[in-house]
Novice: 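My questions will all concern the structure given below.
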There are 2 protein chains.
Amino acid sequence: MDAQLKKGVLDVCVLAAIKDEDSYGYKIIKDLKPILELSESTLYTILKRLEESRMLVVRSTEFEGRLRKYYHITPTGLQRLEDFKNEWKELMDIYAFIDKEDYH
Amino acid sequence: MDAQLKKGVLDVCVLAAIKDEDSYGYKIIKDLKPILELSESTLYTILKRLEESRMLVVRSTEFEGRLRKYYHITPTGLQRLEDFKNEWKELMDIYAFIDKEDYH
DNA sequence: CGGTATACATCATATTACGAGGTATATTGT
DNA sequence: ACAATATACCTCGTAATATGATGTATACCG
C-alpha cells in the first residue's frame, strides 16, 4: 500500500486496536498485521505521539519476567476516532472525484 | 481535514484534475477547491514531483502576456490512478476495522 | 492608481515513517 | 547444552513531504 495513504490512518488504527481492550506494543502489531503492516519502530513512535497528545495512557506491568506496557484509550482518543469517521466522509467525496468516469 | 489523511490523496487528486483535460497550476487549485483545499506552494511541489516521476508532462505556453504551464497526464499517470483504486479497496478494509462496533 | 486576480517559483521548517541497531528474557527444537 | 526463535521494549538517523512566507510579473476593474 502507498506509504502516504497509510500515514493518514496509522494513528487511528492504533487507537482502534486498543479501543475495546487495553493492549501492548507487540500485540498491537500482531493484531494489525492482517490489515496493516507496520514496523516496531513505527509503532513505538506512534504510541509515544498518541501518549503526548493524551489520546491514551500507559500502565507498565511485569509479565513473565518481561516488561509489558499496556495502553488504554482516553476520552480524547475516543473523540479522535469519532472525528476520523467524519473525515472519512470527506474522503469519500474526494474519492468520488477521483473515480468519476467521463461519459463523452 | 486531518493533514495526514490528506497527504495520501493529494497526488492522486492532482492527477485526477488533469485526467480529462490538460490544466495548469492556478486552475487546478480552483478546480480542487470545492473538495480539497491546497496552497500554491503545495501544488507546485506536487506538480514537480509528478513530473519527475513521469506521471505527467509539461507544455509551457504564453497566454495573454502571462506564462502558463499546461500539464498533461501520461500513461504512467493513468496507471497510478488505477493503482489508487485498488489501494482504496485496502483502505476500505482498514476503515471497516476502525469502524467496527463491538456487540458486547 | 491601487487593489485584486492571475500565474509562476523558491526556501526554511516541522512532521513523519521506517530501517538499522540495541537490550533482555522465555520457549522450542535438535 | 546450545541455537534459534518469539516476546518485548527502545533510540537514532534519514528521507519524504506539506505548508507558510516570500518573491516576481502581468491584467483588469473601480
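Small disclaimer: the values here were computed from a predicted structure and weren't measured. All heavy atoms count here, side chains included; hydrogens, waters and symmetry mates do not. In what follows, every chain begins at residue 1, and chains take the letters A, B, ... in the order their sequences are listed.
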Novice: If you check every side-chain atom of Tyr71(B), which of dA9(C), dA18(D), dT27(C) has the closest atom?
Specialist: dA9(C)

Novice: Could you please name the option among dT17(D), dA7(C), dA17(C) that lies closest to any side-chain atom of Thr42(A)?
Specialist: dA17(C)

Novice: Remember a base hit wins even if backbone is also touched, and classify Gln4(B) as base, sugar-phosphate or nothing at under 4.0 Å, heavy atoms.
Specialist: sugar-phosphate

Novice: Distance check needed: dC10(D) P versus Leu43(A) CG, whole Å only.
Specialist: 10 Å

Novice: Rounded to the nearest Å, what distance is computed from the CD1 atom of residue Ile29(A) to the P atom of nucleotide dC18(C)?
Specialist: 11 Å

Novice: Going by modelled atom types, is there a donor-acceptor pair between the base of dG20(D) and the side chain of Ser39(B) at under 3.5 Å?
Specialist: no

Novice: Tell me which nucleotide among dT17(D), dA9(C), dA27(D) gets nearest to the side chain of Tyr44(B).
Specialist: dA9(C)

Novice: Using the closest heavy atom to pick a nucleotide of DNA chain C for each, name whichever of Gly25(B) or Ile46(A) lands nearer the 5' end.
Specialist: Gly25(B)

Novice: Nearest-Å distance, NZ (Lys69(A)) to P (dC9(D))?
Specialist: 8 Å

Novice: Provide, to the nearest angstrom, the distance between the CG atom belonging to Leu5(A) and the P atom belonging to dA18(D).
Specialist: 12 Å

Novice: Between Glu82(A) and Lys85(A), does any NZ, NE, NH1 or NH2 come within less than 4.0 Å of an OD or OE carboxylate oxygen?
Specialist: yes

Novice: Should Tyr24(A) be listed as having a side-chain N or O under 4.0 Å from OP1 or OP2 of dA8(D)?
Specialist: yes

Novice: Measure CG/Leu10(A) against C1'/dT17(D) and give the value in whole Å, please.
Specialist: 15 Å

Novice: On DNA chain D, check which nucleotide each of Tyr26(A) and Thr45(A) is closest to and give me the residue with the more 5' one.
Specialist: Tyr26(A)

Novice: Ser41(B) has a side chain; which of dT19(D), dA7(C), dC9(D) sits nearest to it?
Specialist: dT19(D)

Novice: Please tell me which of the listed nucleotides, dA17(C), dA8(D), dT11(D), lies nearest to the side chain of Phe63(A)?
Specialist: dA8(D)

Novice: Contact class for Lys27(B) vs. all strands (heavy atom < 4.0 Å): base, sugar-phosphate, or nothing?
Specialist: nothing

Novice: Taking all atoms of both residues into account, what is the closest heavy-atom pair of Tyr71(A) and Leu56(A), and its distance?
Specialist: CD2-CD1, 3.6 Å

Novice: On the side chain of Glu40(A), is there an atom forming a donor-acceptor pair with the base of dC9(D) - under 3.5 Å, no angle test?
Specialist: yes

Novice: Does Lys48(B) come within less than 4.0 Å of Glu52(B), counting only side-chain N to carboxylate O?
Specialist: no

Novice: Compare side-chain N and O positions of Lys6(A) against OP1 and OP2 of dC18(C) and report whether any pair is under 4.0 Å apart.
Specialist: yes

Novice: Any ion pair linking Glu62(B) and Arg66(B) (charged N to carboxylate O, less than 4.0 Å)?
Specialist: no

Novice: For Lys30(B) and dA7(C), what is the distance between atoms NZ and C1' respectively, to the nearest whole Å?
Specialist: 11 Å

Novice: From the options dA18(D), dC28(D), dT10(C), select the nucleotide whose nearest atom is closest to the side chain of Asp11(B).
Specialist: dA18(D)

Novice: Using heavy-atom distances to pick each residue's nearest nucleotide on DNA chain D, tell me which of Lys48(A) and Arg68(A) is more 5'.
Specialist: Arg68(A)

Novice: Rounded off to whole Å, could you give me the CG-to-C1' distance for the Leu47(B) and dT10(C) pair?
Specialist: 15 Å

Novice: For the pair made of CG in Leu50(B) and P in dA16(D), what is the distance, rounded to whole Å?
Specialist: 15 Å

Novice: Quick one: is the NZ or CZ of Lys100(A) closer than 6.0 Å to the six-membered ring centre of Phe97(A), and within 45° of its axis?
Specialist: yes

Novice: For the residue pair Ser39(B) and Thr42(B), confirm or rule out a side-chain donor-acceptor distance under 3.5 Å.
Specialist: yes

Novice: Report yes if at least one side-chain N or O of Lys7(A) is closer than 4.0 Å to OP1 or OP2 of dT15(C); otherwise report no.
Specialist: no

Novice: Which nucleotide, dA8(D), dT17(D), dT10(C), lies nearest any side-chain atom of Arg49(B)?
Specialist: dT17(D)

